[in-house]
Amino acid sequence: MGHAGDTGDAGDAVMTRVPVLEIGGTHVTAALVDVAAGLPVAGSVVRGPVRADASAPEILDAFAEAARHIAAPDGACWGIAMPGPFDYAAGIGAFRGIGKFESLHGVDVGAELRERLPRPRAVSFLNDADAFAVGEHRSGAAAGRNRAVCVTLGTGVGSSFLHGGRPVTDGPTVPPEGRAHRITVDGLPLEDVVSRRAIRARYAEAAGLDHRAEVPDVGAIAALARGGDAGAVATIRGCFTTLGRALAPWCAAFRADVMVVGGSMAASWDLIGPALRAGLADGADGVDAAEGANGVGPIAGGAGGAGGAGAVVAAMGLREARRPDDAPLIGAARWALWQAEGHRTPW
């Protein structure tokens, strides 16, 4: 199978620079990624605005406008990091009732981009959380780890469970589709407890703010916590301890050797990290206690091996993302290359 590339004949050259797009709720980022170095090419990263409530042609044109600003070779295989819900294999939007990209619901985004991008050979889509995780595994905080749980904390909670650098989306050791937002905790969907809206609502209640008051955003709540505001401290600690409790059983079942956390909330790692670690320990102890009471274990349904949940989670590294901005771009490029090579490229 021939490979598109940035030098020589596009049908025969090895693809060394992969053009990518990373789609966010309010932005699109385009870049060329040097797949040998595992980094974006210096000076190639372009970021542009996107209106998530715009018409389908306007949104697609915004994606293409960013792409036009990078020196993508003709016949290249493009990688696209795209938020869900989305049919990644078919390239079709499934955005319904989520408040963003509604006009792309049912649209063949792959076909539309093939018409708008500069003579692409192929377009491959990857979930944005998976792209972040694959990028952190290639060049960031998950590098060299066999089993990694990568979490993104932004508007909501994104996740990816990697085995050997590849996303795992089914089986008994991961949540449905490998997505943390599908987890429930204390009888509630996870994002009713840990998300931008949930954190702000919890702080408003803790601070006694009425419905007319302007509620600070998460970054401001974190700043208040650093200043000793009791309501802010309780909010950050409570939300992220709960996140740890919710994730612990899955980290244990997956036998993760590292958890990597990115997203905008990770800017408050000094506060989030300790609370998350405490919640992970509590959650793992709860798994061990439940399995002991039921006469099963260690880690029912897990991946095998010695030690209960507490031992697995205690040994698991907990790290802030090393390349929070670049990782989705790097991951999208690796995915596109893997797809272009017919799954023959060494991962």
Student: For residues 262-274, please give each side-chain donor-acceptor pair under 3.5 Å, one per line with the distance, not counting sequence neighbours.
Tutor:
{"residue": "Asp270", "atom": "OD1", "partner": "Arg226", "partner atom": "NH2", "Å": "2.9"}
{"residue": "Asp270", "atom": "OD2", "partner": "Arg226", "partner atom": "NE", "Å": "2.8"}

Student: Please table the atom pairs, donor to acceptor, closer than 3.5 Å between any side-chain atom in residues 28-37 and protein atoms at least two apart or in another chain.
Tutor:
{"residue": "Asp34", "atom": "OD1", "partner": "Ala36", "partner atom": "N", "Å": "3.0"}
{"residue": "Asp34", "atom": "OD1", "partner": "Ala37", "partner atom": "N", "Å": "3.1"}

Student: Trp250 vs Val149, test: side chain to side chain contact (heavy atoms under 4.5 Å, CB included). Steps then yes/no.
Tutor: CA-CA 9 Å; Trp250 295 106; Val149 176; over 6 Å; no
Student: Under 4.5 Å between any side-chain heavy atoms of Pro167 and Phe161, yes or no?
Tutor: no
Student: Can you find a heavy atom in the side chain of Leu104 that is under 4.5 Å from one in the side chain of Phe101?
Tutor: yes
Student: Side chain to side chain contact (heavy atoms under 4.5 Å, CB included) between Thr184 and Leu188: does it pass, once the steps are laid out?
Tutor: CA-CA 5 Å; Thr184 60; Leu188 297 170; over 6 Å; no
Student: For Arg197, which residues count as a salt bridge (Lys or Arg N to Asp or Glu O under 4.0 Å) partner, sequence neighbours excluded?
Tutor: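 Salt bridge (Lys or Arg N to Asp or Glu O under 4.0 Å) list for Arg197, sorted by chain: Asp192.
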Student: If you take all heavy atoms of Pro19 and Cys77, which pair is closest and at what distance?
Tutor: CD-O, 3.8 Å
Student: State whether the side chain of Glu205 and the backbone N or O of Arg202 hold a donor-acceptor pair below 3.5 Å, judged by distance alone.
Tutor: no
Student: Compare all side-chain heavy atoms of Val50 with those of His27 and state whether any distance is below 4.5 angstrom.
Tutor: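 Not in contact.
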Student: Test of understanding: clusters of I, L, V, M, F, W, Y form through side-chain heavy atoms closer than 4.5 Å, transitively. Do Val313 and Val261 belong to the same one?
Tutor: yes
Student: Going from OG on Ser160 to CD on Glu177, what distance comes out if it is rounded to the nearest 0.5 angstrom?
Tutor: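 The OG atom of Ser160 sits 12.5 Å away from the CD atom of Glu177.
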Student: For Asp130 and Arg166, what are the C-alpha separation, side-chain angles and deciding distance, and is it a salt bridge (charged side-chain N to carboxylate O under 4.0 Å, His left out)?
Tutor: CA-CA 8 Å; Asp130 287 333; Arg166 298 182 187 179; over 6 Å; no
Student: Tell me, with the steps shown, if Thr26 and Arg51 meet side chain to side chain contact (heavy atoms under 4.5 Å, CB included).
Tutor: CA-CA 6 Å; Thr26 59; Arg51 282 183 46 230; over 6 Å; no
Student: Check ring-ring contact (aromatic ring centres under 6.0 Å, His included) between Tyr88 and all other residues, then give those that pass, not counting sequence neighbours.
Tutor: Phe86
Student: Flag the pair Val123 / Leu117 as yes when at least one side-chain heavy-atom distance between them is below 4.5 Å, and no otherwise.
Tutor: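 Yes, close enough: below the 4.5 Å cut-off.
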Student: Which heavy atom of Val134 sits nearest a heavy atom of Gly165, and at what distance?
Tutor: CG2-O, 3.7 Å
Student: Do Val107 and Ile98 share a hydrophobic cluster (ILVMFWY, side-chain heavy atoms under 4.5 Å, transitive)?
Tutor: yes
Student: According to a 4.5 Å side-chain heavy-atom criterion applied to Ile, Leu, Val, Met, Phe, Trp and Tyr, with indirect links allowed, do Leu247 and Val193 form part of one hydrophobic cluster?
Tutor: yes
Student: Could you state the interatomic distance from CG (Leu190) to NE2 (His181), rounded to the nearest 0.5 Å?
Tutor: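 These two atoms lie 10.0 Å from each other.
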Student: Does Gly140 offer a backbone N or O that forms a donor-acceptor pair with the side chain of Arg322 under 3.5 Å?
Tutor: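 Yes; at least one donor-acceptor contact below 3.5 Å.
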Student: Distance-only check: which donor-acceptor pairs under 3.5 Å involve side-chain atoms of residues 229-243, not counting sequence neighbours?
Tutor:
{"residue": "Asp229", "atom": "OD1", "partner": "Gly231", "partner atom": "N", "Å": "3.0"}
{"residue": "Asp229", "atom": "OD1", "partner": "Ala232", "partner atom": "N", "Å": "2.8"}
{"residue": "Asp229", "atom": "OD2", "partner": "Tyr203", "partner atom": "OH", "Å": "3.4"}
{"residue": "Thr235", "atom": "OG1", "partner": "Gly231", "partner atom": "O", "Å": "2.8"}
{"residue": "Thr241", "atom": "OG1", "partner": "Arg237", "partner atom": "O", "Å": "2.7"}
{"residue": "Thr241", "atom": "OG1", "partner": "Ala275", "partner atom": "O", "Å": "3.4"}
{"residue": "Thr242", "atom": "OG1", "partner": "Gly238", "partner atom": "O", "Å": "2.8"}

Student: Tell me, please, which residues at least two apart from Arg116 pass salt bridge (Lys or Arg N to Asp or Glu O under 4.0 Å).
Tutor: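 Applying salt bridge (Lys or Arg N to Asp or Glu O under 4.0 Å) to Arg116 gives Asp61, Glu112.
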Student: Between Val109 and Ile92, is any pair of side-chain heavy atoms under 4.5 Å apart?
Tutor: no
Student: Is the shortest side-chain heavy-atom distance between Lys100 and Pro83 below 4.5 Å?
Tutor: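 Result yes, sub-4.5 Å side-chain heavy-atom pair found.
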Student: Under a 3.5 Å distance rule, please check whether Glu22 uses its side chain to pair with a backbone N or O of Asp128 as donor and acceptor.
Tutor: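 A pair under 3.5 Å: no.
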Student: When rounded to the nearest 0.5 angstrom, what is the spacing between CZ in Arg182 and CD in Glu191?
Tutor: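 Here the interatomic distance stands at 11.5 Å.
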Student: Which heavy atom in Ala81 sits nearest to a heavy atom in Ala332, and how many Å separate them?
Tutor: N-CB, 4.1 Å
Student: Look at the side-chain heavy atoms of Ile, Leu, Val, Met, Phe, Trp and Tyr, link any pair under 4.5 Å apart, and say whether Met82 and Val18 land in one connected group.
Tutor: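 No, Met82 does not connect to Val18 through the hydrophobic network.
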Student: Is a side-chain donor or acceptor of Trp335 paired with a backbone partner of Phe125 at a separation under 3.5 angstrom?
Tutor: yes
Student: Is the backbone of Pro216 close enough, under 3.5 Å, to the side chain of Arg200 for a donor and an acceptor to pair up by distance?
Tutor: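 Yes, because the side chain of Arg200 sits within donor-acceptor range (under 3.5 Å) of the backbone of Pro216.
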Student: If every non-hydrogen atom of Ser139 is compared with every non-hydrogen atom of Gly38, which pair is closest and at what distance?
Tutor: OG-O, 2.7 Å
Student: Checking the side chain of Asn127 only, and the main-chain atoms of Ala129 only, is there a donor and an acceptor separated by less than 3.5 Å?
Tutor: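 Yes, Asn127 side chain to Ala129 backbone: donor-acceptor pair under 3.5 Å.
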Student: Quick one: pull up CD1 in Ile70 and OG in Ser44 and give me the separation to the nearest 0.5 Å.
Tutor: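 Spacing of CD1 (Ile70) from OG (Ser44) equals 6.5 Å.
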Student: Starting at CE of Met316, measure out to SG of Cys251 and round the result to the nearest 0.5 Å.
Tutor: 4.0 Å
Student: With a 3.5 Å distance limit and no angle check, can you tell me whether Glu136 reaches the backbone of Ala141 through a side-chain donor-acceptor pair?
Tutor: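 Indeed, once roles are kept as given, a pair shorter than 3.5 Å links the two residues.
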Student: For the CG atom of Leu39 and the CG atom of Leu329, what is their distance to the nearest 0.5 Å?
Tutor: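 Rounded to the nearest 0.5 Å, the CG-CG separation comes to 10.5 Å.
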Student: Between Thr173 and Ala253, what is the shortest heavy-atom contact and its length?
Tutor: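 Nearest heavy atoms, Thr173 then Ala253: CG2-O, 3.5 Å.
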Student: With a 4.5 Å limit on heavy-atom distance, are the side chains of Val312 and Phe254 in contact?
Tutor: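 When only atoms from C-beta onward are counted, Phe254 and Val312 do not touch, as no gap falls below 4.5 Å.
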Student: Say whether Val157 and Leu318 are linked into one hydrophobic cluster, either directly or through other cluster members, by side-chain heavy-atom distances under 4.5 angstrom.
Tutor: yes
Student: State, to 0.1 Å, how close Arg319 and Val258 come at their nearest heavy-atom pair, and which atoms those are.
Tutor: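 So the two residues come closest at CD-CG2, 3.9 Å.
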Student: Is any side-chain heavy atom of Leu113 closer than 4.5 Å to one of Pro120?
Tutor: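 Counting from C-beta outward, Pro120 and Leu113 never come under 4.5 Å.
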Student: Look only at the side chain of Ser124 and the backbone of Ala336, and say whether a donor-acceptor pair between them is shorter than 3.5 Å.
Tutor: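 Here the side-chain-to-backbone pair does not exist.
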Student: Quick one: does any side-chain atom of Arg145 pair with a main-chain N or O of Asp257 as donor and acceptor, under 3.5 Å?
Tutor: yes
Student: Is the side chain of His137 donor-acceptor paired with the backbone N or O of Leu162 at a distance under 3.5 Å, no angle test?
Tutor: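 No, His137 side chain to Leu162 backbone: no donor-acceptor pair under 3.5 Å.
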Student: So that I can tick it off, tell me whether Asp74 and Arg119 are bridged by a salt bridge, with the cut-off set at under 4.0 angstrom between side-chain N and carboxylate O.
Tutor: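 Looking at Asp74 together with Arg119, the answer is yes, because their closest N to O distance falls below 4.0 Å.
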